[in-house]
Amino acid sequence: MMINFENNRLLLDFPNKLGQLEILDLTAFVADKSKATFYFKGPNLVSQKTQADRVLVFSLPLDIEPVYFKKYLTAQKLPKHQTNVVKTYLEQLLPYLDKLGYQFKMTQETLTTSLTKNAAKAQHRFSKEIADIPFYIDYNGAKAEVYWLKRSDFLIKKGAVLKQDMPLNQDGSIGFSQKFALSLRQEHAEVIGPDGVTTSDIHLKSVNEVGHLLYFAGTNSWLILKDKTGKSLSSHTIIS
């Protein structure tokens, strides 16, 4: 392995065509989408640039997609064939990474909080292609098949299962989100059976309304709606 240290920038050239790793300060970092970037605070992986004091940048072999490499190391789902490719690559790389002392793992709590926070701030764009993709919800007692048909038109297919137990505030009162959810359920009461299963399709105006109607909200629905491969609606539509 070739090692070069210059201008407070450490460059490691891995053998056997395994690529390169740069370790540098944030002030010297220039973003490059062709590479996989990770932010660290000391030896620990963090989710935000503002939390970091250094950055690790991987130049990967041609058969490794930077986005999938990053998803794998941060415990996110990716296509099975990509999982196998990245896993095989990492098995060759880990002996070197282990000696560097960096921890390429986040706790699930940290990861979930980070993803929810990022998605909440993100903007999403509707496209004609997205209208043909069924998205599924299986969350907190609710199950549904949903389509984003137009910018302000979400279709919940007949047979959706609504969460029955309504969460309350600590003092036992009904919160704003619950009141909004109840108003949506009342509006569509004629197609919601006594068992909480819908008897007809329902059209709503936003992802927010979908979450309220089905499971009283409480989380970011852009991450809850997923296609048949497990890819979230957010991943399909987020504006980079």
Side-chain angles (χ1 to χ4, degrees), residues 1-119 121-122 129 133 222-223 226-240:
M1 181 170 66
M2 300 291 293
I3 301 176
N4 182 47
F5 185 77
E6 186 176 311
N7 298 324
N8 210 28
R9 168 179 168 270
L10 180 64
L11 176 63
L12 297 90
D13 195 344
F14 299 116
N16 304 319
K17 299 182 179 180
L18 293 176
Q20 295 180 326
L21 170 61
E22 292 178 80
I23 304 174
L24 61 160
D25 294 335
L26 289 173
T27 54
F29 170 60
V30 178
D32 185 343
K33 290 185 178 180
S34 69
K35 301 178 181 180
T37 301
F38 297 88
Y39 296 111
F40 275 79
K41 177 71 173 179
N44 300 312
L45 181 64
V46 295
S47 59
Q48 301 292 323
K49 184 178 180 179
T50 54
Q51 300 171 320
D53 58 17
R54 70 195 66 181
V55 60
L56 274 65
V57 182
F58 287 85
S59 298
L60 302 164
L62 293 177
D63 61 337
I64 305 292
E65 290 285 346
V67 63
Y68 291 134
F69 181 71
K70 189 165 185 176
K71 282 186 174 183
Y72 186 88
L73 283 176
T74 52
Q76 298 180 60
K77 202 170 208 178
L78 56 154
K80 186 175 180 180
H81 72 283
Q82 284 291 332
T83 300
N84 294 334
V85 171
V86 174
K87 184 177 180 180
T88 300
Y89 172 65
L90 272 175
E91 286 174 352
Q92 300 175 72
L93 207 62
L94 281 176
Y96 304 103
L97 300 180
D98 180 62
K99 299 303 180 188
L100 292 172
Y102 288 100
Q103 300 296 318
F104 284 86
K105 289 182 179 179
M106 278 192 245
T107 65
Q108 192 60 43
E109 180 180 359
T110 301
L111 180 61
T112 301
T113 300
S114 170
L115 290 174
T116 302
K117 182 178 179 181
N118 288 342
K121 292 181 178 179
E129 293 75 19
I133 302 175
W222 291 102
L223 302 177
K226 297 179 180 180
D227 67 16
K228 63 182 181 181
T229 69
K231 185 177 180 180
S232 70
L233 178 59
S234 177
S235 297
H236 276 280
T237 61
I238 194 169
I239 301 174
S240 301

Asks: Side chains of Tyr89 and Pro61: closer than 4.5 Å at any heavy-atom pair?
Replies: yes
Asks: Are any non-hydrogen side-chain atoms of Val85 and Ile64 less than 4.5 angstrom apart?
Replies: yes
Asks: Any salt bridge (charged side-chain N to carboxylate O under 4.0 Å, His left out) pairs touching residues 45-59, not counting sequence neighbours?
Replies: none
Asks: Please report the shortest heavy-atom distance between Ala36 and Phe69, naming the atom on each side.
Replies: CB-CD2, 3.7 Å
Asks: For residues Leu12 and Leu100, determine if any side-chain heavy atom of one lies less than 4.5 Å from a side-chain heavy atom of the other.
Replies: yes
Asks: Given the rule in the side-chain contact (heavy atoms from CB on, under 4.5 Å) test, do Leu56 and Phe40 qualify, once you have shown the distances and angles that lead to the verdict?
Replies: CA-CA 7 Å; Leu56 274 65; Phe40 275 79; 3.7 Å; yes
Asks: State which residues pass side-chain hydrogen bond (donor to acceptor under 3.5 Å, both in side chains) with Ser34; sequence neighbours excluded, sorted by chain then number.
Replies: Asp32
Asks: Could you work out, with side-chain hydrogen bond (donor to acceptor under 3.5 Å, both in side chains) as the rule, every residue matching Thr229, not counting sequence neighbours?
Replies: Asp227
Asks: Leu90 vs Leu73, test: side-chain contact (heavy atoms from CB on, under 4.5 Å). Steps then yes/no.
Replies: CA-CA 9 Å; Leu90 272 175; Leu73 283 176; 3.7 Å; yes
Asks: What's the spacing between Asp13 CG and Gln20 CD if we round to 0.5 Å?
Replies: 4.5 Å
Asks: Taking the side chain as every heavy atom from C-beta outward, state whether Phe58 and Thr37 have any atom pair closer than 4.5 Å.
Replies: no
Asks: Can you find a pair of side-chain heavy atoms, one from Leu26 and one from Tyr39, that are under 4.5 Å apart?
Replies: yes
Asks: Can you name the residues that form a ring pair (Phe, Tyr, Trp, His ring centres under 6.0 Å) with Phe29, not counting sequence neighbours?
Replies: none
Asks: Verify, without hydrogens or angle tests, whether Lys231 (side chain) and Lys226 (backbone) share a donor-acceptor contact under 3.5 angstrom.
Replies: no
Asks: Got Leu10 and Leu24 here, is their nearest side-chain heavy-atom distance under 4.5 Å?
Replies: no
Asks: Quick one: does Leu11's side chain get under 4.5 Å of Ile3's, heavy atoms only?
Replies: no
Asks: Does any part of the side chain of Ile23, heavy atoms only, come nearer than 4.5 Å to the side chain of Leu21, both counted from C-beta?
Replies: yes
Asks: Name all residues meeting the ring pair (Phe, Tyr, Trp, His ring centres under 6.0 Å) criterion together with Phe14; count only those two or more places apart in sequence or in a different chain, and write none if there are none.
Replies: Tyr96
Asks: Going from CD on Glu129 to OG1 on Thr237, what distance comes out if it is rounded to the nearest 0.5 angstrom?
Replies: 12.5 Å
Asks: If you look at every heavy atom in Leu223 and Ser234, which pair is closest and at what distance?
Replies: CD2-CB, 4.0 Å
Asks: Name all residues meeting the side-chain hydrogen bond (donor to acceptor under 3.5 Å, both in side chains) criterion together with Ser232; count only those two or more places apart in sequence or in a different chain, and write none if there are none.
Replies: Ser235
Asks: Strictly by salt bridge (charged side-chain N to carboxylate O under 4.0 Å, His left out), give each pair with a member in residues 16-26 just once, sequence neighbours left out.
Replies: Arg9-Glu22, Glu22-Lys35
Asks: Under the rule for side-chain contact (heavy atoms from CB on, under 4.5 Å), what residues qualify as partners of Lys87, not counting sequence neighbours?
Replies: Tyr72, Glu91
Asks: Kindly indicate, with the supporting measurements, whether the criterion side-chain contact (heavy atoms from CB on, under 4.5 Å) is fulfilled by Val46 and Phe38.
Replies: CA-CA 8 Å; Val46 295; Phe38 297 88; over 6 Å; no
